[in-house]
There are 2 protein chains.
Amino acid sequence: MESAPEGAGLPTTQSPSSNDRREQLLEAADRVVQREGSAASMNLIAAEAGITKPILYRHFGDKGGLYRALADRHIDRLLARLRAALTTRGGLTARTRATVDAYLAAVEEQPQVYRFLMERAAAEDVAVRGQVLGVVRRFGDELADGLSAEAALAPIGETRARVWAQGIAGMVQAAGDWWLDHPDIPRGVVVDELIALMFGEFGLGTPSLGTPTA
Amino acid sequence: MESAPEGAGLPTTQSPSSNDRREQLLEAADRVVQREGSAASMNLIAAEAGITKPILYRHFGDKGGLYRALADRHIDRLLARLRAALTTRGGLTARTRATVDAYLAAVEEQPQVYRFLMERAAAEDVAVRGQVLGVVRRFGDELADGLSAEAALAPIGETRARVWAQGIAGMVQAAGDWWLDHPDIPRGVVVDELIALMFGEFGLGTPSLGTPTA
DNA sequence: CTATGGTGTTACCGCTGGTAACCTCCTGTC
DNA sequence: GACAGGAGGTTACCAGCGGTAACACCATAG
């Protein structure tokens, strides 16, 4: 517990050159992940950066730390895109569509990175798993909030919001995952089908469920 | 490529005692996974079975083979339970509810095993990932089929069925995943919320989407 | 008595994540 | 100018992993 004095999340104001080197190392790591996929190892990343292992460990503590920092970069960017899409002008459906599309677009652009984060990194480091799932969950959260505000529903319960957010996030994520193996299908089609699934077209005519207590 | 003469899936009619030993080894592996979680290694499994590594390798080829065999066992059982739930008497909603409940019940009973299959094994061996996702996808498939048959919809397109199945599967899986970290919530609540999400209550009053071409 | 085949072992390989010790050069201070 | 000191970097190592080769120990079959 005495190691890792500065976590990957806190933007500790350190010597500027150190932060620069950190960025360089992360970019090298990104290159390796993009090239080698799941076979990215600390040795390979160090070699790509033109240095040796111990430096990596000095900067990131351990492998999980590097993965976490790596995930942070991509997740920050992804979150920015999702937020931009979610605050588009338009109805709830249009905004949802834009957001789902933004997510799938990100997957499409960097499938290797996406796979790495989703499979390797998430399996290796619990925090990364939380981060990766968190981004999609947050998206689901905002979506559920928007729903309760716009769809003239009673404010949805806490548990319901959480479960729905997680469910929606998983839905989009799984569809994106599957889509990776079916690159012949255009992105727009997948988006359309997901939107159709979410907005009514699935259970149409079967509202035979007593609303649970809350 | 010259090794692994018999895959984990084909029930090769070998010497019967060999199959028995195989079952013994798998049970030992299960015990280790349940006890050690992600830290289960070939050495540990061999030790638990009272033997040494090479025997494991003679039986399963490599680590992926063992994982695959392990996944097969659990997935077969899970699939049986899901099928039973899906063929319950009752309307589509009730059957869907039973199936989701069966899935979450399985997760609840053996969270360690579930986590292992979902994270470790799926990340390590591509085939396992396909298997694990496959089980939930198959469930989504049957559900989508049932939908198109019962809900008086036009027979849904191939792509739509695939995307929906994957999406529904991911939804339930993600919710179950999240639920693992919130054991305070009763299973029934999660099931109810998921059913509510699937059947109409989400997009109520926002059918403002032109049905894509198909 | 010998061949064969399954069950089991010990001992090794290359590689991984991770660490300790050392070296070097640049900076600031008396 | 001399000297501490602290980055930045290296080599050399560790335990453990997945995986394999080689050998030993019975059996049963001819």
Side-chain angles (χ1 to χ4, degrees), chain A residues 1-6 8 12-26 28-29 32-33 36-70 116 120-121 123-128, chain B residues 1-6 8 12-26 28-29 32-33 36-70 116 120-121 123-128:
Chain A
M1 291 294 184
E2 66 277 15
S3 68
E6 24 120 23
T12 56
T13 42
Q14 236 186 345
S15 69
S17 65
S18 172
N19 266 343
D20 289 0
R21 283 276 178 272
R22 192 187 166 91
E23 277 299 309
Q24 285 183 1
L25 299 183
L26 283 178
V32 174
V33 166
E36 307 282 345
S38 258
S41 77
M42 299 297 271
N43 264 324
L44 279 178
I45 293 172
E48 169 73 28
I51 53 165
T52 50
K53 264 195 305 178
I55 307 180
L56 276 185
Y57 284 95
R58 275 220 256 276
H59 272 274
F60 301 102
D62 61 352
K63 197 170 69 150
L66 205 174
Y67 284 178
R68 249 171 284 140
L70 220 51
F116 178 80
R120 271 290 294 202
E124 207 80 34
D125 190 282
V126 195
V128 170
Chain B
M1 293 293 182
E2 65 276 16
S3 69
E6 22 121 24
T12 55
T13 43
Q14 238 185 343
S15 70
S17 65
S18 172
N19 266 342
D20 289 359
R21 284 276 180 271
R22 193 188 166 92
E23 276 300 309
Q24 285 183 0
L25 298 183
L26 283 178
V32 174
V33 166
E36 307 282 346
S38 258
S41 77
M42 298 299 269
N43 265 323
L44 278 178
I45 293 173
E48 169 73 28
I51 53 166
T52 49
K53 264 194 304 179
I55 306 181
L56 275 185
Y57 283 95
R58 276 220 257 275
H59 272 274
F60 301 103
D62 61 352
K63 197 170 68 151
L66 205 174
Y67 285 179
R68 251 171 282 140
L70 220 51
F116 178 80
R120 269 294 289 207
E124 206 81 36
D125 190 282
V126 195
V128 171

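Just so it is clear: chains get the letters A, B, ... in the order the sequence lines come, proteins before strands, and each one is counted from 1.
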> Taking atom NZ of A/Lys53 and atom CD1 of A/Ile55, what is their separation to the nearest 0.5 Å?
Replying inline: 12.5 Å

>> Distance check, rounded to the nearest 0.5 Å: B/Arg21 atom CZ versus B/Arg58 atom CZ?
In response: 13.5 Å

> Side-chain donor or acceptor of A/Arg58 under 3.5 Å from a matching atom on the base of D/dG9?
Replying inline: yes

Can you check the [X] [atom1] to [N] [atom2] distance for me, whole Å?
X: B/His59; N: C/dG5; atom1: NE2; atom2: P; result: 17 Å
X: A/Tyr57; N: D/dT10; atom1: OH; atom2: C1'; result: 16 Å
X: B/Asp62; N: C/dC13; atom1: CG; atom2: P; result: 22 Å
X: A/Arg22; N: D/dG8; atom1: CZ; atom2: P; result: 13 Å
X: B/Tyr67; N: D/dG19; atom1: OH; atom2: C1'; result: 14 Å
X: B/Ile55; N: D/dG19; atom1: CD1; atom2: P; result: 16 Å
X: B/Leu56; N: D/dC17; atom1: CG; atom2: P; result: 13 Å

> Quick check, are the ring centers of A/Phe60 and A/Tyr67 under 6.0 angstrom apart?
Replying inline: no

Do [X] and [Y] have side chains that get closer than 4.5 Å, going by heavy atoms?
X: B/Lys63; Y: B/Leu66; answer: no
X: A/Asp62; Y: A/Met42; answer: no
X: B/Leu25; Y: B/Ile51; answer: yes

> Tell me, which of residues 36-53 of chain A have any heavy atom that sits under 4.0 Å from an atom in DNA chain D?
Replying inline: A/Ile51, A/Thr52

> Nearest of D/dA21, C/dG8, D/dG19 to any side-chain atom of B/Pro54?
Replying inline: D/dA21

